[in-house]
Amino acid sequence: MTHTIFIDGEAGTTGLEIRERLEARGDLELILLGDRRRDVEARREALNGADAVILCLPDDAAKEAVAMIENPSVRVIDASTAYRVDPAWTYGFAEMAPGQRETIAAATRVSNPGCYPTGFIGLVRPLVSAGIIPAGWPVTVNAVSGYSGGGKAMIAEFEAGAEPYRAYGLSLKHKHVPEMTRHTGLERPVLFAPAVGAYRQGMLVEVPLHLGALPGSPSVEVVHGALVEAYADARFVEVASLEETEVLTGIDPEGLNGTNSMRLHVFGDRAGEQVRLVALLDNLGKGASGAAVQNLNLMLGLDEGAGLS
Ligand SMILES: NC(=O)C1=CN([C@@H]2O[C@H](COP(=O)(O)OP(=O)(O)OC[C@H]3O[C@@H](n4cnc5c(N)ncnc54)[C@H](OP(=O)(O)O)[C@@H]3O)[C@@H](O)[C@H]2O)C=CC1
Ligand SMILES: CC(=O)N[C@@H](CCC(=O)OP(=O)(O)O)C(=O)O
């Protein structure tokens with residue numbers, strides 16, 4: 001059976017990547033609007049005529065698109081920030097918790113996670129669930145992304161020549177903070193320190209922890225073990241072994257580009273007093289379009305990894 005899919009925002013950074021992943025498949029039919037992609041009536045027809053729609057639009061345009069959908073059988077995946085903490089929507093991070101995959105499969109409205117939150121939630125949620133990080137703990141996250149994370153406008157800016165590295169989010173009000181806090185189970189807003197580098201694609205998300213200050217002073221092995229257990233059955237989230245991690249002298253943020261995979265590392269100091277938890281992912285892969293295709297597969301009852309590597 002062929003499913004029809006409409007990508008609203010098909011010519012944007014995320015939309016194009018999804019389109020490339022789906023066009024290579026024979027089990028899906030894409031509704032493409034081409035030059036009519038900004039025509040409201042053409043969009044309305046496509047939004048109501050597809051089996052599933054994927055919104056790759058700015059937040060306001062995503063809300064307008066959702067309001068245009070009248071056909072109750074249309075399944076929606078939204079890549080924007082608009083619905084990521086909306087309780088009426090399912091958060092589309094399949095590996096986040098037991099049962100999440102099934103909840104996504106049954107949902108009609110799925111919000112695709114942000115790229116930074118995918119790394120952060122992937123690192124921290126299992127530790128909160130296991131009681132290693134108390135829900136009230138103050139948690140900091142540092143991250144660097146390639147400039148494609150900022151969409152067409154930032155790509156144009158950096159490709160015209162910009163500084164090699166830019167710390168931003170300096171108001172401490174980044175749009176991903178509510179999502180990172182909510183979906184880890186933390187009580188205090190996460191302190192988020194993002195940066196963008198003068199390379200196109202790929203990201204590192206890092207959470208430093210003073211183990212000695214946490215209740216019970218958990219060891220590096222306990223922290224690592226909780227992550228290994230959480231992702232034992234995950235196809236697209238891998239926890240690097242401690243042996244593999246301790247010989248690394250650096251991590252390349254471009255290391256998983258083009259894939260839907262995320263790799264988690266636990267770097268511990270010799271005395272076991274501190275760790276640096278690091279997630280490596282492609283901001284346009286597991287951080288956006290890969291995750292959207294994974295969610296689409298689940299919602300259509302297809303193999304979770306169809307069209308993904
Ligand atoms: N880049 C990334 O790493 C990630 C992005 N996202 C999210 O995905 C969404 C898209 O981002 P991204 O692909 O980076 O952005 P881009 O700027 O690259 O693309 C945005 C797309 O939206 C279309 N668009 C903008 N406004 C309207 C409108 N009013 N009506 C119809 N179409 C409109 C544009 O059309 P046109 O082609 O005509 O200009 C364009 O195709 C955003 O919400 C973003 O937050 C999520 C995760 C990661
Ligand atoms: C480098 C850069 O500017 N990144 C974007 C986030 C990219 C992303 O994934 O955010 P959404 O999922 O919400 O689109 C930012 O910080 O706003």
Side-chain angles (χ1 to χ4, degrees), residues 6-20 32-44 46-47 53-68 77-85 91-93 110-121 141-159 162-163 165-180 183 192-205 253 257 260 281-295:
F6 173 53
I7 305 167
D8 202 356
E10 65 185 39
T13 313
T14 308
L16 263 178
E17 289 243 342
I18 294 174
R19 181 176 161 178
E20 280 167 16
L32 298 170
L33 298 185
D35 290 345
R36 293 169 67 223
R37 66 181 185 272
R38 291 282 192 137
D39 177 331
V40 174
E41 285 317 311
R43 289 174 58 218
R44 189 189 308 279
L47 287 165
V53 303
I54 308 178
L55 309 178
C56 300
L57 304 165
D59 288 18
D60 288 348
K63 287 180 187 160
E64 283 165 21
V66 169
M68 281 195 253
I77 298 170
D78 177 37
S80 84
T81 319
Y83 300 105
R84 292 186 192 151
V85 294
Y91 196 62
F93 187 176
V110 170
S111 58
N112 216 49
C115 49
Y116 293 119
T118 300
F120 178 72
I121 297 164
V141 51
N142 309 299
V144 63
S145 170
Y147 56 74
S148 61
K152 281 183 170 181
M154 188 175 276
I155 292 170
E157 183 194 357
F158 272 76
E159 291 188 347
E163 66 273 40
Y165 183 91
R166 177 187 298 167
Y168 71 104
L170 301 170
S171 67
L172 303 181
K173 300 250 180 310
H174 192 279
K175 63 180 181 173
H176 288 173
V177 170
E179 171 187 0
M180 292 198 279
H183 297 293
F192 180 34
V196 57
Y199 64 98
R200 185 180 167 86
Q201 191 170 336
M203 68 179 2
L204 295 173
V205 181
N257 281 2
N260 186 47
L281 66 155
D282 179 354
N283 56 293
L284 294 180
K286 184 62 174 158
S289 58
V293 172
Q294 187 180 350
N295 286 324

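On a predicted model such as this, the values are computed, not experimentally measured, just so you know. Both counts, for ligands and for their atoms, begin at 1 and track the order of listing. Numbers for residues simply follow the sequence, beginning at 1. Computed from heavy atoms alone, side chains included, the values below leave out hydrogens, waters and symmetry copies.
A side-chain donor from one of Q201 and D282 sits under 3.5 Å from a side-chain acceptor of the other. No hydrogens or angles considered: nothing links the side chains of E179 and Y116 as a donor-acceptor pair under 3.5 Å. For the residue pair N295 / N112, a side-chain donor-acceptor distance below 3.5 Å is found, with atom types taken as modelled.
Put simply, CG on L32 and CD1 on I7 are 7.0 Å apart, with the number rounded to the nearest 0.5 Å. Rounded to the nearest 0.5 Å, atoms CD (Q294) and NZ (K286) are 3.5 Å apart. Here K175 contributes atom NZ and S80 contributes atom OG; the two are 8.0 Å apart, rounded to the nearest 0.5 Å.
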Q: Please lay out, stage by stage, how F6 and L55 fare under the test side-chain contact (heavy atoms from CB on, under 4.5 Å).
A: CA-CA 8 Å; F6 173 53; L55 309 178; 6.0 Å; no
Q. For V53 and D8, what are the C-alpha separation, side-chain angles and deciding distance, and is it a side-chain contact (heavy atoms from CB on, under 4.5 Å)?
A. CA-CA 7 Å; V53 303; D8 202 356; over 6 Å; no
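Put simply, the side chain of E10 gets close to the backbone of L33: a donor and an acceptor are under 3.5 Å apart. No side-chain donor-acceptor contact under 3.5 Å links Y168 to the backbone of S171. Within the 3.5 Å criterion, the main-chain N or O of A198 finds no donor-acceptor partner in the side chain of Y147. A donor-acceptor contact shorter than 3.5 Å links the side chain of R84 to the backbone of A79.
Scanning for salt bridge (Lys or Arg N to Asp or Glu O under 4.0 Å) contacts around E157 gives R166, with sequence neighbours left out.
Here atom 47 (C) of ligand 1 lies nearest to G287 when heavy atoms of P117, G114, G287 are compared. With L16, L57, T14, I7 as candidates, the residue nearest to atom 9 (C) of ligand 1 on a non-hydrogen basis is L57. Nearest to atom 48 (C) of ligand 1 by heavy-atom distance, out of G151, G150, A288, A292, is A288. Which of E17, K152, R84 comes nearest to atom 17 (O) of ligand 1 through a heavy atom is settled by distance: it is K152. The residue among E179, H174, M154, M203 with a heavy atom at the shortest distance from atom 17 (O) of ligand 2 is H174.
Looking from atom 2 (C) of ligand 2 to the surrounding protein, the closest heavy atom is Y168 OH, 3.1 Å. Of all protein heavy atoms, the one lying nearest to atom 12 (O) of ligand 2 is R84 NH2, 2.8 Å. Residue, atom and distance of the protein heavy atom nearest to atom 29 (N) of ligand 1 are A61 CB, 3.7 Å. Counting protein heavy atoms only, atom 1 (N) of ligand 1 is closest to S148 O, 3.0 Å. Annotation: atom 14 (O) of ligand 2 to nearest protein heavy atom, K175 NZ, 3.8 Å. The single protein non-hydrogen atom nearest to atom 7 (C) of ligand 1 is A79 O, 3.3 Å, given as residue, atom name and distance. Protein heavy atom in closest approach to atom 13 (O) of ligand 2: H176 NE2, 2.7 Å. If you check which protein heavy atom lies closest to atom 5 (C) of ligand 2, you get G149 O, 3.3 Å.
Within ligand 1, counting atoms from 1 as listed, the ones closer than 4.0 Å to a heavy atom of G149 are 1 (N), 2 (C), 3 (O). Every atom of ligand 1 with a heavy atom of C56 under 4.0 Å away is listed here by number and element: 9 (C), 10 (C), 20 (C), 21 (C), 22 (O). For ligand 1 and P58, the ligand atoms under 4.0 Å from any heavy atom of the residue are 22 (O), 24 (N), 25 (C), 26 (N), 43 (O). Per-residue contacts place G114 under 4.0 angstrom from the following atoms of ligand 2 (heavy atoms of the residue considered): 12 (O). Atom numbering of ligand 2 starts at 1 in the shown order; those under 4.0 Å from a heavy atom of T81 are 13 (O). Proximity to A11 (heavy-atom distance under 4.0 Å) selects the following atoms of ligand 1: 37 (O), 41 (O). The contact set between ligand 1 and G9, taken as ligand atoms under 4.0 Å from a residue heavy atom, comprises 41 (O). Close approach to L284 involves these atoms of ligand 1, each under 4.0 Å from a residue heavy atom: 1 (N), 2 (C), 3 (O).
With a heavy-atom cut-off of 4.0 Å, R43 touches ligand 1 through its side chain alone.
Put simply, part of K175 is less than 4.0 Å from ligand 1, judged by heavy atoms. Proximity of G287 to ligand 2 is not established, as no heavy-atom distance is less than 4.0 Å.
For ligand 2, the polar-atom distance check finds an N/O of C115 within less than 3.5 Å of one of the ligand's N/O atoms. In terms of polar-atom proximity, R38 is counted as a contact of ligand 1, with an N or O under 3.5 Å from an N or O of the ligand. Any N or O atom pair closer than 3.5 Å counts here, and E64 shares no such pair with ligand 1. Backbone and side-chain nitrogen or oxygen atoms of Y116 are examined, and none is located within less than 3.5 angstrom of a nitrogen or oxygen of ligand 2. Considering backbone and side-chain atoms together, G12 places an N or O closer than 3.5 Å to an N or O of ligand 1. Close N/O approach between R37 and ligand 1 is found [any backbone or side-chain N/O within under 3.5 Å]. Checking only distances, T13 does come within under 3.5 Å of ligand 1, N or O to N or O.
Each of T14, T13, N283 was evaluated against S148; a single residue qualifies, N283, per the side-chain hydrogen bond (donor to acceptor under 3.5 Å, both in side chains) test.
By the 4.5 Å heavy-atom criterion applied to side chains, M180 and H174 are not counted as neighbours. Annotation: side chain of V85 is not in contact with side chain of Y91 (no heavy-atom distance under 4.5 Å).
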Distance-only donor-acceptor pairs under 3.5 Å for side chains of residues 56-66, two or more places apart:
unit_1 : atom_1 : unit_2 : atom_2 : d
D59    : OD1    : T81    : N      : 3.1

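Closest of all the heavy-atom pairs between P113 and G92 is CD-O, 3.3 Å.
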